[in-house]
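Please read the structure below before turning to the comments.
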Amino acid sequence: MASFSVCIRKKKGTIGMKLQTLLQYLHNFTPCVTENPTITSIEMDSREVQQGSLFVCIKGFTVDGHDFAEQAVARGAVAIIAERPLALPVPVIYVNDSRRALAMLADAFYGQPTHHLHLIGVTGTNGKTSTTHFIERICRHAGKKTGLIGTINMKIGDETYDVNNTTPESLILQKMFRKMVDADVDVAAMEVSSHALHMGRVHGCDFDVAVFTNLTQDHLDYHQTMDHYRWSKGLLFAQLGNRFDHQRPKFAILNADDAASEEYKKSTAAHVVTYGIHHESDIMAKNIEMATSGTTFQLVTPIETVQVKMKLIGMFNVYNILAAVSACLVSNIPLTTIVEAIAHMEGVPGRFEVVDAGQPFTVIVDYAHTPDSLENVLQTIRQFAKKRVFVVVGCGGDRDRTKRPLMAQIAVQYSDVPIFTSDNPRSEEPLAILNDMKQGVTEDVVCIVDRKEAITYAIEQAEEGDVVLIAGKGHETYQIIGKDVLYFDDRVVAREAIQRRKDK
Ligand SMILES: CC(=O)N[C@H]1[C@@H](OP(=O)(O)OP(=O)(O)OC[C@H]2O[C@@H](n3ccc(=O)[nH]c3=O)[C@H](O)[C@@H]2O)O[C@H](CO)[C@@H](O)[C@@H]1O[C@H](C)C(=O)N[C@@H](C)C(=O)N[C@H](CCC(=O)O)C(=O)O
Ligand SMILES: Nc1ncnc2c1ncn2[C@@H]1O[C@H](COP(=O)(O)OP(=O)(O)OP(=O)(O)O)[C@@H](O)[C@H]1O
Ligand SMILES: N[C@H](CCC[C@H](N)C(=O)O)C(=O)O
Ligand SMILES: [Mg+2]
């Protein structure tokens, strides 16, 4: 462990490049363009195009970017990357796969920023947001300037930027990495979703550390099978680099208690560091003790064994902390600094977030939206609940349908008062989603389509000592119904319902 070292490289760069210079980065392509305009930006959305842009046509799941090429030219695009013939008054460069070309071009255009960052990627079904936030906080405590990319937002230091995806498209990523390098960021932690890995959104990201949290069911709408889902996540480890660069060693951080780690271990040439609770591993938590006020455990590392005290609760958070500790140790953050940072650590927004408006019962908002996370969070609540446990839960529309009956089953098994409601129905009929959930249970369950009414119902029924878990949306400040994105925040809705109850 003592020999672990990282090289944090930095290089500031300027933006703006000649078309033909940029095209050289596609290597297997011989440009037959004679024009050589200056490219001032790369865009994949015609609505973002400005004078001097290079527009990349991407065939999407909803529309085909090629259909917007004319519009892009009208807005000032000086060159186009396309997969199929287009008759346009500007040079059109043909490629087999424009999404792949986009990743290469964006990386080149922004000066290969990840070569100059210490980049930590975290993948897994649950715990990515939590783990990346924990890594960020530990690194900040160690005096590093940090970057963060994930479900909640992107961050450089304290500056936040909105995101549409947990792991954005390569173009957005590379642009953000450039900003990070220019802002002298030392360490960036990012969530790497299975979608991103499969679509190549992270092609070109030069990760130094790849972390695996766990693998359980989700996203079967996209991946179809668990094998495909597991394989997609494994790409993060397979792509970690096959050359032993002693100036910049690569590390795969694997959860020894999750069976998928064996496969990921085989797919990487990087140094493997394992963490776990049950299986013998490099970094372990032993003698774990949980209370409502927090958790303590012995952190066993190859350097030394130390006592950890944290405010976070839940066995799942012990795993997330172990993953974060491992990633930080191989990034040369001293163990004492890590332990100090953990002692100060608050929870992540929308993850086991307590809503306290002076009511005599506990209200928790949590982002559990998979069977495994719901089970984990309910098991944790069960350990402490003195009286009844309520759970308000729904399942997202246009997402894995097969998890609906499973989540319903878990809600019924671990709670006293399950209340099924809508999550983000998106294009689906909300009642149809509730019906899919009901297929998983034989009991009569209260079903209230309107999420605000469902939360209000739970809060009105709760009595002193009860716990109300509002699951699925966590930090989200919207609800997607049809194509409408409406303001909705579980924490605000709960607070208002508590106030109304008090005012009665
Ligand atoms: C299924 C999926 O992944 N969809 C992603 C995809 O959208 P899409 O294929 O529908 O795009 P599209 O609307 O067909 O557009 C195709 C192309 O035409 C362009 N266009 C479109 C309209 C126009 O007027 N002009 C124009 O040029 C678009 O910019 C795009 O380049 O490309 C978009 C841009 O990159 C993504 O934001 C979008 O993610 C959507 C929001 C999404 O919900 N994705 C989910 C499934 C997802 O990726 N989730 C993962 C994991 C979540 C987790 O577990 O944490 C994530 O990383 O977020
Ligand atoms: N290590 C874990 N194992 C199982 N469940 C977890 C773990 N960590 C967190 N959870 C549960 O999963 C929920 C989501 O956690 P988090 O946001 O950290 O995961 P994520 O992987 O980022 O999710 P997403 O795929 O939506 O981005 C939490 O609210 C909690 O209920
Ligand atoms: N990243 C996850 C988030 C799900 C959150 C839940 N509220 C939902 O809308 O299903 C997804 O896009 O599948
Ligand atoms: Mg996340």
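First listed ligand is number 1; within each ligand, the first listed atom is number 1.
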Taking distance alone, with no angle check, do H219 and ligand 2 share an N/O pair under 3.5 Å? no
Which residue supplies the protein heavy atom nearest to atom 25 (O) of ligand 2, what is that atom called, and how far is it? K128 NZ, 2.7 Å
Atom 1 (N) of ligand 2 - nearest protein heavy atom and its distance: N320 OD1, 2.8 Å
Does the pair K59/D97 count as a salt bridge with the N-to-O cut at 4.0 Å? no
Select the closest option to atom 7 (N) of ligand 3 among D398, T151, D423, judged by heavy-atom distance. D423
Within 4.0 Å of some non-hydrogen atom of R426, the atoms of ligand 3 are 8 (C), 9 (O), 10 (O)
Within the 4.0 Å heavy-atom cut-off, what D372 brings close to ligand 2 is side chain
Please report which non-hydrogen protein atom sits nearest to atom 3 (C) of ligand 3, along with the residue it belongs to and the distance in Å to one decimal place. Y367 OH, 3.2 Å
Contact with ligand 2 for T151, non-hydrogen, under 4.0 angstrom: yes
Sole candidate of N424, D489, D490 that passes side chain to side chain donor-acceptor pair (under 3.5 Å) when paired with K473: N424
Pairwise side-chain contact, Q217 with Y229, heavy-atom cut-off 4.5 Å (strictly under): no
Are any of the N/O atoms in C395 less than 3.5 Å from those in ligand 3? no
Before giving the answer on salt bridge (charged side-chain N to carboxylate O under 4.0 Å, His left out), spell out for R140 and D158 the whole-Å C-alpha distance, their side-chain angles and the decisive distance to 0.1 Å. CA-CA 11 Å; R140 285 179 76 138; D158 288 327; 2.7 Å; yes
Modelled atom types, side-chain donor and acceptor of T131 and T213, under 3.5 Å: no
I need the nearest protein heavy-atom contact for atom 12 (O) of ligand 2: residue, atom name and distance, please. S373 CB, 3.1 Å
Whether the R351 and H475 side chains hold a donor-acceptor pair (N or O, under 3.5 Å, no angle test) is what I'd like checked. yes
Give a yes or no on whether S193 keeps an N, O or S atom under 2.8 Å from the Mg ion (ligand 4). no
What is the nearest protein non-hydrogen atom to atom 12 (O) of ligand 3, stated with its residue, atom name and distance? R399 NE, 3.0 Å
Taking only residues at least two apart or on different chains, which pairs with a member in residues 384-394 satisfy side chain to side chain donor-acceptor pair (under 3.5 Å)? R388-D466
Near the Mg ion (ligand 4), is there an N/O/S atom from T166 that is less than 2.8 Å away? no
Top protein contact for atom 2 (C) of ligand 3, by heavy-atom distance: H369 NE2, 3.9 Å
Measuring only between side-chain heavy atoms, which start at C-beta, is Y275 closer than 4.5 Å to L299? no
Minimum-distance protein heavy atom relative to atom 10 (O) of ligand 3: G396 CA, 3.3 Å
Between N126 and ligand 2, find which residue part has any heavy-atom pair under 4.0 Å and reply side chain, backbone, both or neither. both
Min heavy-atom dist T125 to ligand 2 below 4.0 Å: yes
Sub-3.5 Å N/O-N/O distance, F352 and ligand 2: no
Determine whether the side chain, the backbone, both or neither of T213 has a heavy atom under 4.0 Å from any heavy atom of ligand 2. neither
Within the 4.0 Å heavy-atom shell around N376, which atoms of ligand 2 are there? 4 (C), 5 (N)
Go through the steps to decide whether S193 and T166 satisfy the test side chain to side chain donor-acceptor pair (under 3.5 Å), and finish with yes or no. CA-CA 7 Å; S193 68; T166 287; over 6 Å; no
Between D400 and H219, is there a side-chain donor-acceptor contact under 3.5 Å, judged purely by atom types and distance? no
Does any N/O atom on R351 come nearer than 3.5 Å to any N/O atom on ligand 2? yes
Could you check which of T370, D400, N424, D221 puts a non-hydrogen atom nearest to atom 9 (O) of ligand 3? N424
So that I can tick it off, tell me whether K403 and D372 are bridged by a salt bridge, with the cut-off set at under 4.0 angstrom between side-chain N and carboxylate O. no
